[in-house]
Amino acid sequence: MANFWKPGTERPRLVDDEEGGVLFHYSSSSAYSSGFGYGSIEKQRKRLPIYKYRDAILYLVETHSTTIIVGETGSGKTTQIPQYLKEAGWADGGRVIACTQPRRLAVQSVASRVAEEMGVKFGEEVGYTIRFEDITTEGITRIKFLTDGVLIREMMDDPLLTKYSVIMVDEAHERSISTDIILGLLKKIQQRRPDLHLIISSATIEAKSIAAFFETRRRRPGLEGEELGPKPVPAILSVEGRGFNVEINYVEEAVLDYLRAAVSTVLSILDQESIGDILVFLTGQDDIDATIQLLNEEAYDNGRKSSDLLVLPLYSGLSRAEQDLVFSPTPRGKRKVVMSTNIAETSLTLEGIVYVVDCGFSKQQFYDPISDIESLVVAPISKASARQRAGRAGRLQPGKCYRLYTEEYYTNEMSAVGIPEIQRSNLVSCVIQLKALGIDNILGFDWLASPSPEAMIRALEVLYSLGVLDDDAKLTSPIGFQVAEIPLDPMLSKMILASGQLGCSEEIVTIAAVLSIQSIWISVRGARKELDEAKLRFAAAEGDHVTFLNVYKAFLLSGKSSKWCHKNYVNYHAMKKVIEIREQLKRIMQRLGIGLKSCEWDMQVVRKAIIAGFFANACRLEAYSHDGKYKTVRSSKDVYIHPSSILFRVNPKWVVYHALVSTDRQYMRNVISIDPSWLVEAAPHFYISQAPDFKLAR
DNA sequence: GAGCACTGC
């Protein structure tokens, strides 16, 4: 059993004052009893009257172009601030207050809470916009919640966001690509619109760097000493959260096997503490399955009846019903132990968790622009993540967090924040969005964190080869603008454009919708064989893309039946999403003048349309290969067909893949067989310039 | 013979 000790409690620390900035610290402790909004403001620098929280935020928004608000979960910032702004008249005269969130679910729940608190009808004064759902009323809605991605799309039509008076960007510390793009663009917009006020909500740890980013130090026009407009130096307001205290425990010595350490920690919590559910953070499905098995064995060996424990896995690959199990109340006499991936860190909130066990790792995506490979690797989490995980224990009552790493490691070695997503990703979508927004000099864009030049150059190359950018790296017309308009990966968008000309857009739009979601299959751990058999019922010789068409067709024939899905190992929720995306794409295609036409199962044109977007992903089977080894045409890398593919072990001579997944090998996911002559037909420029010695087997 | 998590007119 790992030994733990308590070095004291972990409290949020105050951010240091930025030079020339204003920093308030608001303690909401007295607000617990008297309802939210009354407390004391501790003035750090300038002498100012004591404000209530409401007045403080309004004062700062009034006097500063940018206000950074630091507050933990439960501080009420997300729901209260928009209401304060509304009361103070920021939504008068047809103006709108916008609040972004990085997740759809958060947008919906925050919006409904605010509408309820204000006692207004949802969708009128208070509304939200997320993909597929616009619950707002033009001219009526004054407070609008939206996802960061939707705000970027809105900027494409209205680059200065003229209808908004205040924009609040929530969860900025999570540093999603969309949030980073938005922050860069908002800084630019501020120069043109001094009347636009920003509120950026962040975890303490990121507040300083975000404030520094927005600090322009630009001298305002006007006479000496004359105050014109709000101060360009950001203010930082710190609000204490209402979460309960979480006692942090560290292991005394580094653990070698965090799965075993997790199991023994869980067992000792069960022994020492009589009530409260336990949440264990692990890296992935494999870890979770192994740990659950280990825990059940050890618990049995310790004389604990298996009926005492309710051990549940939690990860995104589970079906909705399986995920819902963790939300059901723990039966009397049982102890609930949830083994989860990062999904429980931000996306799902479990009430009733009193103990958190944190292994200190998570799976993270990294992108290597040189090899153009995205890979998922187990990597140490950041301090910010560790605090977020610990916070999951203190939602209902004081809790405890057991960290399976030493305090020395946490203090001295763990990095403060994670690497922003933009520095770990393929930038193709990001670059085309910026181009569509009129940002031509991508390398010179004012980033909160710059992506690597290699990644940007790679993205520009890909877009150029797709015919989306011209020699001057400007969007081509009409292709470039059309691709930017379609909310998909540019390769998928290009495929859709080609399908219009090839007369198979009905089929291709279905394929595009399926490829843009995770998976249409249910992953049942013990039923691999059954899933494979189910897949075979829809198998198409051409490959996975055509197989998807078969599934979609059969799903429609079943009357979009959930029962049919269940019987065929098809994920019903995924299929409903496919239909939604398909409908959205059809609307956009109509607007772009792409006719909807079916090729009546002529799968040759379908494959040609796919190649129009994915010609760069062509691979050839190695001659005399015994293990199904392929070489990519572009860079002669060794790749294999993924075992989930319908063409696994079929190994056609030439294939085009949708994406590579990198584990011990490079696997091609979603593969179709092709005739190599189609490659040159679809992209002569690419194959001539990229591989002059490329010989076709005609 | 294998899958962190989100997201988008």
Side-chain angles (χ1 to χ4, degrees), chain A residues 100-107 129-134 146-157 171 174-179 181-182 281-289 314-318 340-348 359 361-366 374-379 381 385 388 418 421 424-425 429-430 432-433 436 482 484-490 492-493 513 516-519 521-525 528-529 531-532 577 580-581 583-592 627-628 640-645 648-649 659 661-665 667-670:
Chain A
T100 75
Q101 290 283 338
R103 279 174 288 279
R104 293 161 54 91
L105 205 69
V107 168
T129 308
I130 55 180
R131 192 184 190 186
F132 312 128
E133 267 183 86
D134 184 8
L146 67 175
T147 40
D148 45 14
V150 170
L151 189 68
I152 292 178
R153 288 283 161 189
E154 287 193 359
M155 282 191 225
M156 289 185 185
D157 292 331
E171 313 284 12
E174 286 187 25
R175 305 297 302 275
S176 72
I177 290 182
S178 294
T179 294
I181 293 177
I182 283 176
F281 281 104
L282 297 165
T283 63
Q285 199 173 328
D286 282 343
D287 271 7
I288 290 170
D289 290 344
L314 181 62
Y315 45 85
S316 71
L318 293 174
S340 175
T341 61
N342 253 4
I343 192 170
E345 193 178 302
T346 49
S347 303
L348 293 178
C359 77
F361 293 92
S362 69
K363 282 199 186 171
Q364 292 161 35
Q365 187 183 277
F366 288 92
E374 287 176 307
S375 48
L376 215 49
V377 292
V378 174
I381 61 170
S385 244
Q388 176 74 18
E421 193 186 5
R424 300 185 278 113
S425 304
S429 293
C430 167
I432 198 172
Q433 279 180 343
Q482 289 179 326
E485 191 84 359
I486 301 173
L488 296 175
D489 183 291
L492 290 171
S493 305
S516 63
I517 62 167
Q518 292 275 8
S519 171
W521 306 106
I522 292 175
S523 76
V524 188
R525 208 47 171 180
R528 198 173 280 170
K529 199 164 146 257
L531 173 61
D532 282 352
K577 214 166 159 189
E580 270 189 323
I581 295 172
E583 290 306 311
Q584 183 192 28
L585 293 175
K586 273 166 64 178
R587 283 197 301 276
I588 294 164
M589 286 163 72
Q590 198 168 25
R591 211 173 57 209
L592 295 177
D627 58 348
Y640 298 82
I641 293 181
H642 195 277
S644 67
S645 170
F648 179 66
R649 291 208 182 109
V661 291
S662 179
T663 48
D664 51 330
R665 282 176 166 183
Y667 285 106
M668 301 181 270
R669 281 198 64 189
N670 298 326

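Every chain is numbered from 1 and lettered A, B, ... according to where its sequence line falls, protein lines coming before strand lines. As the structure is a prediction and not an experimental result, all values here were calculated from the model.
Residue Glu485(A) is in sugar-phosphate contact alone, with no base atom involved, counting any heavy-atom pair closer than 4.0 Å across all strands shown. Residue Asp532(A) is classed as a base contact, given a heavy-atom separation below 4.0 Å to a base. Residue-level contact check: Ser347(A) touches the backbone only, with heavy atoms under 4.0 Å from sugar-phosphate atoms and none from bases. Counting any heavy atom pair closer than 4.0 Å across all strands shown, Arg131(A) reaches a base atom. Within the 4.0 angstrom heavy-atom criterion, only backbone atoms of the sugar-phosphate kind lie near Thr147(A); the bases stay farther away.
Rounding to the nearest 0.5 Å gives a distance of 3.5 Å between CD1 of Ile177(A) and OG of Ser425(A).
Rounded to an integer number of Å, the gap from CG of Leu531(A) to P of dA2(B) is 15 Å. Going from atom CZ of Arg665(A) over to atom P of dG3(B) covers 12 Å, rounded to whole Å. In this structure, the CG atom of Asp289(A) is 11 Å from the C1' atom of dG3(B), given to the nearest Å. For the pair Glu580(A) CD and dT7(B) C1', the interatomic distance rounds to 14 Å; values are reported in whole Å. Between Asp489(A) atom CG and dG8(B) atom C1' the separation is 12 Å, expressed in whole Å. Atom pair Glu174(A):CD and dA5(B):P shows a separation of 15 Å (rounding to whole Å applied). A straight line from CD of Gln518(A) to P of dA2(B) spans 19 Å, rounded to a whole angstrom. As a whole-Å value, the separation of Ile517(A) CD1 from dG8(B) P is 14 Å.
Residue Asp286(A) has its side chain nearest to dG3(B) when only dA5(B), dC9(B), dG3(B) are considered. Of the candidate nucleotides dA2(B), dG8(B), dC6(B), dC6(B) has the atom lying nearest to any side-chain atom of Ile343(A). With distances taken from any side-chain atom of Pro643(A) to the nucleotides dA2(B), dC6(B), dG8(B), the minimum falls on dA2(B). Minimum atom distance to the side chain of Ser644(A) is reached by dA2(B), of the listed dA2(B), dA5(B), dC9(B). If you check dC9(B), dT7(B), dA2(B) against the side chain of Arg153(A), the one that comes closest is dC9(B). With dA5(B), dG1(B), dG8(B) as the choices, the nucleotide that has an atom nearest any side-chain atom of Phe648(A) turns out to be dG1(B). Of the candidates dG3(B), dC9(B), dT7(B), the closest approach to any side-chain atom of Gln285(A) belongs to dG3(B). Nearest to the side chain of Thr341(A), among dC9(B), dA5(B), dG1(B), sits dA5(B). Comparing dC9(B), dC6(B), dG8(B) by their closest approach to the side chain of Ser429(A) singles out dG8(B).
The 5' end of DNA chain B is approached more closely, in terms of each residue's nearest nucleotide, by Gly284(A) than by the other of Glu154(A) and Gly284(A). Two residues, Gln584(A) and Ser316(A), neighbour DNA chain B, and the one matched to the more 5' nucleotide by heavy-atom proximity is Ser316(A).
Regarding contacts with the backbone of dT7(B), every side-chain N or O of Ser176(A) stays at 4.0 angstrom or more from both OP1 and OP2. A sub-4.0 Å separation between OP1 or OP2 of dG8(B) and a side-chain N or O of Arg104(A) is present.
Contact of the Glu421(A) side chain with the Thr179(A) side chain is not registered, since no non-hydrogen atoms from C-beta on lie closer than 4.5 Å.
By the side-chain contact (heavy atoms from CB on, under 4.5 Å) test, Ser662(A) pairs with Ile373(A), Ser375(A), Gln666(A), sequence neighbours left out. Scanning for ring-ring contact (aromatic ring centres under 6.0 Å, His included) contacts around Tyr640(A) gives an empty result, with sequence neighbours left out.
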Verdict with supporting geometry, Ile581(A) and Arg131(A), side chain to side chain contact (heavy atoms under 4.5 Å, CB included): CA-CA 9 Å; Ile581(A) 295 172; Arg131(A) 192 184 190 186; 3.9 Å; yes
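Using a 4.0 Å cut-off between a side-chain N of Lys or Arg and a carboxylate O of Asp or Glu, Lys586(A) and Glu583(A) qualify as a salt bridge.
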